Amino acid sequence: MKIALIGVGNLGLSIAQGLVDQTNFDIEQLVLTKRNVSNLDGWKKHPHVLVTPSNIDAVRASDVIILCVQPSQINTILNEIKDELDEKRHVLISTITGRKISEIAEIVGNKIAIIRSMPNTAISVGESMTCISTNGTGKAKIGLAEEIFNAMGETLVIDESKMQAATVVCASGIAFWMRLIRATTQGAIQLGFDAPEAKHMATQACMGAATLLLESGNHPEEEIDKVTTPQGCTISGLNEMEHEGLSSALIKGLMKSYEKISQIMTDK
Ligand SMILES: NC(=O)C1=CN([C@@H]2O[C@H](COP(=O)(O)OP(=O)(O)OC[C@H]3O[C@@H](n4cnc5c(N)ncnc54)[C@H](O)[C@@H]3O)[C@@H](O)[C@H]2O)C=CC1
Ligand SMILES: O=C(O)[C@@H]1CCC=N1
């Protein structure tokens, strides 16, 4: 597979790392683009990885084009590369928050397969929860997108109307979970552990909770009931957190994040 990552910043580099580390499919060539490639020299050590400031060269050399620029930058990119896109060869995958397939098609036409993908930065370690959507000509290539992103975590194909919500829950969501880990770390430090120990303990406990739920298929409250000994310390802590609005704060934060995406969608 020949892949181009257009605009490798935080997300693009996370996807690049996931791609070079995954073993599910062969990468014949991976081209990374950025306006200033001076800090990408380290990537040249990977076999089949090329680095270039030229988006056009990247498109000409690739079959799958993954857009990783900021929402305000996508139209410039699309106008730059549109004449290089071949509907018989190229698949265009956009990770751009709030930019609809129809908006992309307005610039590149609707003959090219256009797919939206919403991964998170855990894609760099092969543990992304990636939501994918497409319509029209993209439907024939949805399996290819699933193959790519399944190699770096889990995928879920959803209706495009839910992509903003998916962004909040899964892409922004990883930051929400890391904030909870940080808060637990702060509490552990207050209870006497040094910072590295506290972070390790909080992170491993979080991974244990997630792994337990993923492997058991149980509802979180089923597993919580196994921990909350009557009149024990766990239920005391949980109830205090709820008195302080823990669940409500997280839900309100998700809704606020969703509201912000609506603003991003109207900003051109
Ligand atoms: N960071 C994250 O966790 C996630 C980000 N996204 C989406 O991914 C996109 C990128 O987000 P980030 O990586 O955080 O932003 P970023 O700002 O870190 O990366 C964007 C990159 O695009 C490059 N770029 C801009 N114009 C360019 C051009 N004309 N040619 C080549 N490269 C160009 C910039 O130099 C930068 O490296 C955004 O649309 C965001 O909504 C989606 C899911 C998760
Ligand atoms: O914060 C943002 O807007 C982007 C989309 C999800 C993660 N980063």
Side-chain angles (χ1 to χ4, degrees), residues 3-19 30-43 50-62 65-82 84 92-101 103-104 107-108 114-125 127-133 145 148-149 152-156 158 160 162-179 253-268:
I3 301 174
L5 286 169
I6 305 295
V8 288
N10 291 321
L11 182 69
L13 290 176
S14 297
I15 297 173
Q17 190 62 56
L19 284 171
L30 175 62
V31 186
L32 311 181
T33 85
K34 197 174 178 185
R35 286 170 297 190
N36 176 356
V37 296
S38 58
N39 63 353
L40 296 180
D41 284 346
W43 285 90
L50 303 176
V51 169
T52 175
S54 169
N55 297 317
I56 288 174
D57 287 351
V59 170
R60 286 174 177 165
S62 308
I65 315 299
I66 303 178
L67 304 172
C68 303
V69 295
Q70 295 204 15
S72 60
Q73 300 158 339
I74 185 174
N75 286 3
T76 303
I77 298 286
L78 293 175
N79 282 304
E80 179 188 5
I81 67 173
K82 64 185 180 184
E84 302 303 325
L92 197 57
I93 298 178
S94 170
T95 68
I96 319 300
T97 297
R99 292 294 182 266
K100 295 178 182 176
I101 291 171
E103 293 175 294
I104 295 170
I107 298 175
V108 302
I114 302 170
I115 293 168
R116 287 184 67 184
S117 165
M118 194 44 64
N120 62 37
T121 49
I123 200 162
S124 63
V125 293
E127 288 296 347
S128 178
M129 179 68 240
T130 302
C131 291
I132 301 169
S133 69
I148 293 170
F149 290 97
M152 299 178 281
E154 303 286 325
T155 60
L156 181 66
I158 61 174
E160 186 177 18
K162 291 205 171 74
M163 281 301 271
Q164 284 73 250
T167 302
V168 168
V169 173
C170 301
S172 305
I174 197 166
F176 304 151
W177 291 117
M178 287 192 264
R179 181 58 57 85
L254 287 164
M255 297 311 116
K256 181 61 75 176
S257 185
Y258 184 80
E259 280 174 28
K260 180 63 179 177
I261 292 186
S262 303
Q263 181 192 322
I264 292 171
M265 290 178 78
T266 52
D267 293 345
K268 295 294 178 201

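Here the structure is a predicted model, which means the values were calculated and not measured. Indexing begins at 1, ligand by ligand and atom by atom, following the structure's order. What's counted below: heavy atoms across the whole structure, side chains too, no hydrogens, waters or symmetry copies.
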Mind checking whether P71 contacts ligand 1 via backbone (N, CA, C, O), side chain (CB onward), both or neither, at a 4.0 Å heavy-atom cut-off? both
Closest non-hydrogen protein atom to atom 18 (O) of ligand 1, residue and atom name please, with distance? N10 N, 2.9 Å
Please work out which of Q70, E80, R99 has its closest non-hydrogen atom nearest to atom 15 (O) of ligand 1. Q70
Please write down residue, atom name and distance for the protein heavy atom closest to atom 5 (C) of ligand 2. T97 OG1, 3.2 Å
For the residue pair I15 and T95, establish whether any side-chain heavy-atom pair is separated by less than 4.5 Å. yes
Counting non-hydrogen protein atoms only, what is the nearest one to atom 39 (O) of ligand 1? Give residue, atom name and distance. V69 O, 2.7 Å
Closer than 4.0 angstrom: is that true for some heavy atom of N120 and an atom of ligand 1? no
closest protein heavy atom to atom 41 (O) of ligand 1 is T97 OG1, 2.6 Å
Which residue and heavy atom of the protein sit nearest atom 34 (C) of ligand 1, plus the separation: R35 NH2, 3.7 Å
Output yes when a protein non-hydrogen atom is found under 4.0 Å of atom 2 (C) of ligand 2, and no otherwise. no
Given G7, A122, S72, identify the one with the heavy atom nearest to atom 32 (N) of ligand 1. G7
Which atoms from ligand 2 have a heavy atom of A171 less than 4.0 Å away? 6 (C)
Find the distance between SG (C170) and CZ (F176) and round it off to the nearest 0.5 Å. 11.0 Å
When distances are taken from atom 30 (N) of ligand 1, the protein heavy atom at minimum range is N55 ND2, 3.0 Å
Determine, stepwise, if the pair I3 / S62 fulfils side chain to side chain contact (heavy atoms under 4.5 Å, CB included). CA-CA 5 Å; I3 301 174; S62 308; 5.8 Å; no
Nearest protein heavy atom to atom 7 (C) of ligand 1, by residue and atom, and its distance? T95 O, 3.3 Å
Just need the protein heavy atom nearest to atom 8 (N) of ligand 2, so name the residue and atom and give the distance. S172 OG, 5.0 Å
Out of C68, S172, G9, whose heavy atom is nearest to atom 11 (O) of ligand 1? C68
So which heavy atom in the protein is nearest atom 3 (O) of ligand 1, and how far is it from that ligand atom? T121 CG2, 3.4 Å
With the side chain counted from C-beta on, respond yes when I74 and I104 share a heavy-atom pair under 4.5 Å apart, and no when they do not. yes
Using a 3.5 Å cut-off on N or O atoms only, is L11 in polar contact with ligand 1? yes
Sub-4.0 Å heavy-atom approach of I77 to ligand 1: yes
Atom 44 (C) of ligand 1: closest protein heavy atom, distance to 0.1 Å, is P119 O, 3.5 Å
